[in-house]
Q: 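Please find one structure pasted underneath; my questions will follow.
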Amino acid sequence: MLSIKNLQAQVEDKQILKGLNLTVKPGEVHAIMGPNGSGKSSLASVLAGRDAYEVTGGEVEFYGKDLLELSPEDRAREGVFLAFQYPVEIPGVSNINFLKTAMNEIRAYKGLEPLDAKSFLKLSKEKQQLVEFDAKLVNRCLNEGFSGGEKKRNEIFQLAMLEPRLAILDETDSGLDIDALRIVANGVNALRSKDNAFIVITHYQRLLDYIVPDFVHVLFDGKIIKSGTKELALELEEKGYDWLKESVHAPTV
Amino acid sequence: MTPQVTLPIYDELLKDFAKLELKPEHESIRSKRKKALELFKLTGFPTRKHEDWKYTAVTPYLQSDFRTNGSVPVAPVAVDYLKLAAIPGLDCYRVVLVNGALQSVDDALPTNVKVRSMAEAQEDAGLLKYFGSVSVLDKAPFAALNTALFANGFFLEIDAQANLEKPIHLVQVLNSDAQAFVQPRNLVVVHTGAKATVIESVVSTPGTKVFANSLTEVVLKENAHLQHYLLQMAEKDTQLIQQNDVSQLQHSVYSNYTFSLPGSSLIRNNLNVALDAQQTETHLYGLYLGRGNQLIDNHSLVDHKMPHCNSNEMYKGVLMDQSTGVFNGKVFVQQDAQKTNAFQQNNNLLLSDEATINSKPQLEIFADDVKCSHGSTVGQLSRESMFYLQSRGISEQSARAMLVNAFAFDVTEKIAIPQLEKFINQKITANIPALN
């Protein structure tokens, strides 16, 4: 579904991604790990279309379409979802109206009729239960006054509602206590299917105990320098990143 | 000395005054007119050299020949035009005025509410008691001019203890194909313990060219409650100088909501609230949306004269295209006004590189046991919020509309009439400029 080839991107003239390759197929979960500043969140931002990032080379194909040519909203409508590391608080916008607008714009893009109020409410209730999201939060203003954990759970609730084909979780585990982490992970696991895929960006192996990945990639200095299965995450937990960095810095012929 | 003497309208108005003197009128009104004219002549039309008009030039709008007083049309307008002011789903008592002249009053209006024209009520003891009792005309040239020369207007009186179930919707239609200068003069008296909601909508018929200088005095007696909504929705060839002077007596609650929507090329609101007794409560909410070359200027004054009064003011502005906004909010806390709570906030959103806002909060405090605050901000739409909404599939246009509605929410959520809140929110959404 997703094919990233030699992706290069910069922000304010600083090169962040330096030739990144990644292929994701439906049903797969890919974990991306790596030290601070390696470009993990930048990758998420570039894929979602944040305008501070300038793509300077390479290509990203999503179901045959050039993802980089699409506006952020069209990427979402094509089925790309970014769970934010720092979800934005928007006072004055109700959570539920926001979701309804989002869902109906996505439906309109696909040529579908807007969901009527009753069906929307029913769906919302089902998904709230599925991802253990507090009904009281649904009717509040978007993330306003939510705790860190509540914000992350709201991201997963939105993910459940919008049913993207590709979900990118950008350090969703950061700032979560163990209970919240488990709830978030359970939500993601409940949403996994053979038709969708996840890119899970994280610093810690801990999250991967709950969301078991099919592949683990190590991102360093804007490139994926090692890929493996879930055992790689355990190895990283044990040995850190330094042994991999050395292999990168070793002179190549 | 006064350059506006060269304005043809200045001479025209002085001639009108001479004609007015030939008509019979109650002596007390006549003497107020005379004094007011003398005050107006001291300054003439204000220019930008007057501190209160520093950012707002009116004389460019006063250059042409105007129909004034007697030559202003006051005939009824087609019913279709009244739909311009309709608020869908709102059940209300409707009163229609054309160029300030009373045209029709809802038959269903309860007997404890009286709406009469100023002319009809000119011998009324209530009118004579309160007319001119609230407005301060010194250094207020437009108010002075209005007092000197008003030809039409309404006198709305709500009896003591009346509790109106439905809002009174005053539909002010401006209508003149030839350039006209109209001066409606109104008086609202809410008697002891009465509760009422008044919505005043200013609209104009297509092609209308009117400069309106209107003045409304509002008196709230002891324990009176008035929700006062003002919706400015006239078309671009209109200019509105709209002054509301309010006097509050003990335990009264006055809430003013001023919505200035795209249209009129010039809007200047002067809202002056005098807290003339203890334990009053005042809420001033404003929302202005500037489009095109519009200039929307809100000047307000809350005068805390007595102890134990609370006032709260919140104005939000959204300036688009080449529009300009002005906010000048004065709060005076006089020496006797101990235990005052006075808050003021003005927030502005600039949606265009060419839009301007001049914001000036002004607190003058002469008492020492008070809580007061004020704040003023100018900002743009948050890019991060825009991206967040777009990343969920929401178009840039919808995302902007959502964020502007959200920005206005602090004001719109205070609207106590759900149909009106919806109406205003729709107006906001409809006025977000389309993207290229």
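In what follows, chains are A, B, ... by sequence order, proteins preceding strands, each numbered from 1.
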Q: Quick check, are the ring centers of B:Tyr285 and B:Tyr315 under 6.0 angstrom apart?
A: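 Centroid distance B:Tyr285-B:Tyr315: not below 6.0 Å, so no.
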
Q: Counting only heavy atoms closer than 4.5 Å, note whether A:Pro87 contacts chain B via side chain, backbone, both or neither.
A: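 When you check distances to chain B, atoms from both the backbone and side chain of A:Pro87 fall under 4.5 Å.
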
Q: Any Lys/Arg nitrogen of A:Glu113 or A:Arg107 sitting under 4.0 Å from an Asp/Glu carboxylate oxygen of the other?
A: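 A salt bridge is absent here (no side-chain N lies under 4.0 Å from a carboxylate O).
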
Q: Among B:Glu413, B:Gln390, B:Arg392, B:Met402, which residue forms the greatest number of heavy-atom pairs with chain A at distances under 4.5 Å?
A: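 Of the candidates given, the most pairs with chain A belong to B:Arg392.
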
Q: Quick one, A:Lys151 with A:Glu89, criterion salt bridge (Lys or Arg N to Asp or Glu O under 4.0 Å). Give me CA distance, side-chain angles, the key distance, then yes/no.
A: CA-CA 9 Å; A:Lys151 283 180 188 167; A:Glu89 292 193 24; 3.0 Å; yes

Q: Does B:Lys414 qualify as a cation-pi partner of B:Tyr257, given the criterion of NZ or CZ under 6.0 Å from the six-membered ring centre and within 45 degrees of its axis?
A: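 No, cation not above the ring by the 6.0 Å, 45° rule.
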
Q: Verify, without hydrogens or angle tests, whether A:Arg140 (side chain) and A:Glu144 (backbone) share a donor-acceptor contact under 3.5 angstrom.
A: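 Indeed, once roles are kept as given, a pair shorter than 3.5 Å links the two residues.
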
Q: Contact part of B:Glu396 toward chain A, heavy-atom cut-off under 4.5 Å: side chain, backbone, both or neither?
A: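 Interface part for B:Glu396: both.
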
Q: Given a strict heavy-atom distance threshold of 4.5 Å, which part of A:Arg50 is in contact with chain B: side chain, backbone, both, or neither?
A: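 Its backbone and side chain both get close to chain B.
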
Q: Can you tell which part of A:Leu142 gets under 4.5 Å to a heavy atom of chain B, answering side chain, backbone, both or neither?
A: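 Just its side chain gets close to chain B.
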
Q: Report the option among A:Val88, A:Leu82, A:Val80 that has the most heavy-atom pairs separated by less than 4.5 Å from atoms of chain B.
A: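 Highest number of pairs under 4.5 Å: A:Val88.
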
